[in-house]
Amino acid sequence: MENMEPYSDVNVKGLVYNMQRFSVNDGPGVRTIVFLNGCPLRCKWCCNPESQELKPVVMFKEQNCVGCGNCEVVCPTGASNLFFPGKIDHSKCICCGKCVDVCYHKALEMSGKWMTVEEVMIELYKDRTIYRRSGGGITVSGGEALVQHKFLAELLKTCRSVGWTTAIETTGLASEAVLDEIIPLLDYVMMDIKHIDSDIHKEFTGVGNEQILKNALYISHLAKKMVIRVPVIPGFNADKKTIKGIAAFTSFLHNVDELHLLPYHDLGSNKYGMMGKDYEMAGTVSPAAEYMEELKAIVEEEGLTCKIGG
Ligand code: SF4
Ligand code: SF4
Ligand code: SF4
């Protein structure tokens, strides 16, 4: 790869489960979002459950399965069961991919691929002209991208060396050492604040929020530009008092004047079935557009610029 500075190691590998080109909602300009596996949270509404573990996941599309049993025959661990064709026992699966190779009806597919920084860069390079013209670049998302911080650091350094802007979508849950390593490599940080109450945060995400709130303040001092994003989830944080509390907290961060409200959607709910899991938020209805406007006004009362979506 031409023009790369020697300090970035393009041979480091990371587990990538998706790359989405031509995004205009995830940072300045036109961007490619690189989605990395691994997340310390387990949000009940997560629309990318296949991203949570730091390992590839076999996804099963039941509607394509003809019950041929090929997957069970080749499986070395008994994770694929003849009595339940295509249904994977993920606790036994070693992600070898043999079942996917023999599923000729495309009922099985592997989510997550180990890639070097150089392999990711080759994909990104296709849009280099668009990045340059629009001031865009790469946005790293997850899962929680900070989990794979060694890979992330090399990827960001390499992108910066060719002049692309760098952004992250993060929960902010990482050690200070990781934040010290990564945040200075970013032009734009989009950090989620999901709730101010730690017990409620833990009930819906699996972890308390003490470290996240502490890190929000820390990141706000390190980041060149930071925006807070709030997924608005009915039954969890969509009430006006909670949103006001998050906005008030945001207004005290250093140099942060923008908050985005992201209305709940259930677009990833079908993936739970493909992984043999239940979707706990089934039946949850997205907040109405008029109600989102009311929440926006509450955020603006705290002196912040507020955007719905993005
Ligand atoms: S990926 Fe390998 S271990 Fe997992 S279910 Fe398929 S064949 Fe079995
Ligand atoms: S190989 Fe594919 S089509 Fe055949 S039983 Fe397994 S999942 Fe179904
Ligand atoms: S932080 Fe994001 S990726 Fe992690 S579980 Fe929550 S919604 Fe999913």
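For ligands, and for the atoms within them, numbers begin at 1 and follow the listed sequence.
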Just jot down the ligand 2 atoms closer than 4.0 angstrom to any heavy atom of C103, in number order. 1 (S), 2 (Fe), 3 (S), 7 (S)
Using heavy-atom distances, let me know which of C99, C71, G78 sits nearest atom 7 (S) of ligand 1. C99
Considering only NZ, NE, NH1 and NH2 on the basic side and carboxylate oxygens on the acidic side, decide whether K126 and E123 come within less than 4.0 Å. yes
Inspect the contact between D187 and R160 and indicate whether a charged nitrogen and a carboxylate oxygen are less than 4.0 angstrom apart. yes
Using a 4.0 Å cut-off to any heavy atom of Q52, which atoms of ligand 3 qualify? 5 (S)
Residue T77 vicinity, atoms of ligand 1 by number, heavy atom under 4.0 Å: 3 (S)
Nearest non-hydrogen protein atom, atom 2 (Fe) of ligand 1: C96 SG, 2.3 Å
Which is closest to atom 4 (Fe) of ligand 1 in terms of heavy atoms, S80, C93, A79? C93
Is the ring pair H221/H254 parallel, tilted or perpendicular, if the boundaries are 30 and 60 degrees? parallel
Consider ligand 3: state whether an atom of it lies below 4.0 angstrom from any non-hydrogen atom of E144. no
Applying a strict under-4.5 Å side-chain criterion to I, L, V, M, F, W and Y, I'd like to know whether M190 and W164 cluster together. no
Atom indices of ligand 1 within 4.0 angstrom of V58 heavy atoms, with elements: 1 (S)
Is it true that E258 and K307 make a salt bridge, defined as a side-chain N closer than 4.0 Å to a carboxylate O? no
E154/K150 ion pair, N-O < 4.0 Å: no
Counting backbone and side-chain atoms alike, does C46 have an N/O/S atom under 2.8 Å from atom 8 (Fe) of ligand 3? yes
Candidate pair V140 and L186, rule side-chain contact (heavy atoms from CB on, under 4.5 Å), full reasoning: CA-CA 10 Å; V140 190; L186 292 158; 5.9 Å; no
Is the closest heavy atom of I88 to ligand 1 under 4.0 Å? yes
For atom 6 (Fe) of ligand 3, the closest protein heavy atom turns out to be C43 SG, 2.3 Å
For L108, which part has a heavy atom under 4.0 Å from ligand 1: side chain, backbone, both, or neither? neither
Do the side chains of D239 and K241 get close enough for a salt bridge, i.e. N-O under 4.0 angstrom? no
In the protein, what heavy atom is nearest to atom 1 (S) of ligand 3, and what distance, to one decimal place, separates them? T171 CG2, 3.4 Å
Please work out, at 4.0 Å between heavy atoms, whether the side chain, the backbone, both, or neither of I94 comes within that distance of ligand 1. both
Output yes if C75 passes the N/O/S-under-2.8 Å test against atom 4 (Fe) of ligand 1; output no otherwise. no
Is it true that E62 and K87 have a side-chain N and a carboxylate O under 4.0 angstrom from each other? yes
Pairing of K13 and E118 as salt bridge, 4.0 angstrom limit: no
